[in-house]
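Structure record follows, encoded as C-alpha cells.
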2 protein chains.
Amino acid sequence: MEELVVTTDHTSYPVFIGEGIRHQCSSLLYDILKERSKVLIITDETVAELYADDVVRSVSNALSAGVCKVPSGETSKSMDVYHKVMTACIQEGLDRQSIIIALGGGVIGDLAGFAAATYMRGIPFIQMPTTLLAQDSSVGGKTGINHELGKNLIGAFHQPAAVLYDTETLHTLPDKEWRSGFAEMIKHAYIKDPEFLTWLKENVHSLEDIKDSQLLRFLKRSIAIKAEIVKEDEKESGVRAFLNFGHTLGHAVEKESGYGGMTHGEAVAAGMIFAMKVSNRLGYSKWDVTQEAEWLKALGYPIEAPSQYSSHQLIEVMKNDKKASKGNITFVLLEKPGSPFLETVDERTLAHILEETKEGGVI
Amino acid sequence: MEELVVTTDHTSYPVFIGEGIRHQCSSLLYDILKERSKVLIITDETVAELYADDVVRSVSNALSAGVCKVPSGETSKSMDVYHKVMTACIQEGLDRQSIIIALGGGVIGDLAGFAAATYMRGIPFIQMPTTLLAQDSSVGGKTGINHELGKNLIGAFHQPAAVLYDTETLHTLPDKEWRSGFAEMIKHAYIKDPEFLTWLKENVHSLEDIKDSQLLRFLKRSIAIKAEIVKEDEKESGVRAFLNFGHTLGHAVEKESGYGGMTHGEAVAAGMIFAMKVSNRLGYSKWDVTQEAEWLKALGYPIEAPSQYSSHQLIEVMKNDKKASKGNITFVLLEKPGSPFLETVDERTLAHILEETKEGGVI
C-alpha cells in the first residue's frame, strides 16, 4: 500500500492507495470514523452491485452504515438527483456528527462531496474512487453538480477527510474508462513533470501498458502532482488553474457530445491537442502537434472529435465556462512540458483553428 | 450612520446601519465593488418594487447591475427557486469575479447567500437586509434553503463581504414583521445581555415603542451581540449554538403552521417561553414564566400557538432538526438571563410539557 498526505491552508488528510484496501476501512479510517454517529455510502447502481456490500461490512465494525444508490453516469450530477440525495440523507437520519462516503467514480465524488458540503451546512466525507479518472478528482476538494447550461457551475470547495483508493476496483473498468483516467495523468505530466511525461511516452504504447505492475507508481506520482498544486492554491486563484489544461475546449466538447457521450478524459485529450495548436498559433511554442497527437491516437483517444461540432456553438459554451472572466475565454497554454501559463484568447483565433481542424488542417 | 466590524477566523467585514444608505452603495462599498466584473441583485417581488431601482442606480456608478426577482415569502427558499436563481446567474453572465447583492429579508439573504456560496464554487455577496428580522440573519454567514422535510437543511457557511442596512426600508413593514424581528433582538438580550433585557422590558410595551428614535441603538446593540458570538464560534461548534434559544420548538411550530403561516420570530417567541418551561421542569431555573409570557403577549406574540399542533408531530419534526444529534433533541436552556447552556431533553418530558400547554396549564 502507498500513502501520502494532502495539505491545504485549513486541513490535511491522508490518501491511501492499494489493492483490496476497501476491506480495511474501519482500521485505515479509524480516527475519522470513531466519533461519528452514522455513515451514508453514496454510490451508483453499477458500483453498488460490485462493492457496496464490502464497504458496508468493512465500516460496520466502526459504525452504522446506510447506502444511497443513484443511477450510473454523468446524468446523476443533476439538481434533481442532488435533491434526492439530500432527501436520503434526511431519511437515513444523518446529523451533523455523521459522515458520507463517496464510493464510485468522479460523478459520485462530485455529487456526494457537494451533498456533504451542503447538508446541514457541511458534514465531512470520504472519497473512495473506483475509476482511474477519479484518482484526479478525488483529491483537492472540488465538488459540484451540472446545470443544464454548463458543467460544474454549481458546487463548493469541500476537502475530504480522507481518500481511500482501492486499485482492485479498477480491474473491472472498460477500456474507455482507463483511457479517460489516463488522460488526466498525462495532463499532470504535461503541466508539471517533463520527466514523468518522457517516461510515460517511452513506456506506454497501449492501454495494456497502463494496467500492469507499474500502475501503483503511476498513480502515486500523478496524485502527488495534484496534491502539490492543491497545496499551493486550494481555491484556484493561481496555479491550480493550470490543472484546467485541455479542459476549456474539453468541457465544451463533452457538453456538445451530451454528458456521458464522450468520456471526460477523451474530451480533455482532444482539448490538450487543441491548446497546443493555440499555443503555436499565438507564437508561444513550437509543438510538433502531429507527433503529440499520434501518441494519443495510438492509445485510442478521439482527438479529432471537435471537428464534428459547430465552432460557433463550442465557442458559446466556452464563454459560459466558469473559468471565463468578463466574457473572455481563458486557456491554459504550454510553452513546453512543465511550463504552463494562462492566456485570454479571442474568439476569432479560436474559430479559425476550429475551422482548420474541420478541414483536416493544422495537425 | 452606525458602523461596526464582524470578525471571524478567516475574514472580517463591515456592517453599516443608517437611514437611507441604500443610495450610498457605490461609496460605502467602493473597495468591494471596484474589482468586480458585474453585480446581480437578488430580491423579491415586493422589495423589488420599492427599492431595486434605488440600488441599481446606486451601484451603477461602480459597475453593471442585473436584477433577479423571486416570489416573496418563505416558499422561495426551495430547491426549485434556488435552481432558477442559478439559471439567472448564468444567463446574466456572472463569472468568478462577479458579486451578488441580497436585497430583502431573511429569505432573500439565505437564498442569495447560498447561491453565492455555490455558484462556480463560491463568489462574494453583500447583505442588504430590508426587514427587522434580517438584522439577525444577515450577520454571521449562515446561508441555505429548506427541504420539504425540514427547514435550512441545505446550506453553507458563507460570510458576506459587507452588510448594508438601510433602516428607512423598515418603515413600510407590517406589524407582524416588526414583531418577528424584535423576537431575535429579545433573544440576544436573553442569552447574552441582562442589562439590555431589563432596558427593553422597561421601555418597550408596544410595537410603537420599538419603531421610535431608539431603533438605531437597539439595532447596533443587537448586531454587536450577534457579532461577538460569531467571532467566538463561526461554524457553530460551541457558543454559537446558544443563538438557537427558542428555535428548537420554534422551527417545528413554524413548519407545522406551514412556512409563511406564522412568522419566524413569532414562532421563536413561543419557543423561548417553552424553553423556559423545560428549564424550570428540569430544575435548572425558577423562571416566572407567566410574567415573561405576559410581556411577550402584550407585544402581540402568539406564544400559546404550540398548543394548536399535535405534540407527537412537533416532536418528530424536532428530531429531524439539524441541531439534533444521534436522534436526541437538544435545547438551549437558560438558568437566568445571560446564562444559556445546552441540554439533551428526552421525548417524554417534551410531550408532557406540550400536553400541559394544551390544557392551559403551566403558565
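Quick note on labels: first sequence line is chain A, next is B, and so on, each numbered from 1. These numbers come from the heavy atoms of this one structure, side chains and all, not from hydrogens, waters or symmetry mates.
Open room surrounds OH on B:Tyr30; 12 or fewer heavy atoms of other groups in view lie less than 6.0 Å from it.
Considering only residues two or more places apart in sequence or on other chains, A:Ala267 meets the side-chain contact (heavy atoms from CB on, under 4.5 Å) condition with A:Val253, A:Glu254, A:Met262. Residues satisfying the side-chain contact (heavy atoms from CB on, under 4.5 Å) criterion with A:Val107, sequence neighbours excluded, are A:Glu74, A:Ser76, A:Lys77.
B:Leu149 CG to A:Cys89 SG: the interatomic distance, rounded to the nearest 0.5 Å, is 11.5 Å. Taken to the nearest 0.5 Å, the CG atom of A:Leu153 stands 6.0 Å off from the OH atom of B:Tyr119.
Two residues are said to be in side-chain contact when any heavy atoms from C-beta on lie closer than 4.5 Å; A:Met120 and B:Asn152 fail this criterion. You'll find the side chain of A:Arg121 stays beyond 4.5 Å of the side chain of B:Lys235, heavy atoms only.
Contact annotation for B:His10: only side-chain heavy atoms (C-beta onward) come within less than 4.5 Å of a heavy atom of chain A.
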Could you pull out every donor-acceptor pair under 3.5 Å between side chains of residues 80-88 of chain A and any protein atom, sequence neighbours left out?
unit_1	atom_1	unit_2	atom_2	d
A:Asp80	OD2	A:Lys84	NZ	3.4
A:Tyr82	OH	A:Thr118	OG1	2.7
A:His83	NE2	B:Glu148	OE1	3.3
A:His83	NE2	B:Glu148	OE2	2.8
A:Thr87	OG1	A:His83	O	3.0
A:Thr87	OG1	B:His147	NE2	2.7

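Within residues 108-115 of chain B, the residues approaching chain A closer than 4.5 Å by heavy atoms are, in numerical order, B:Phe114.
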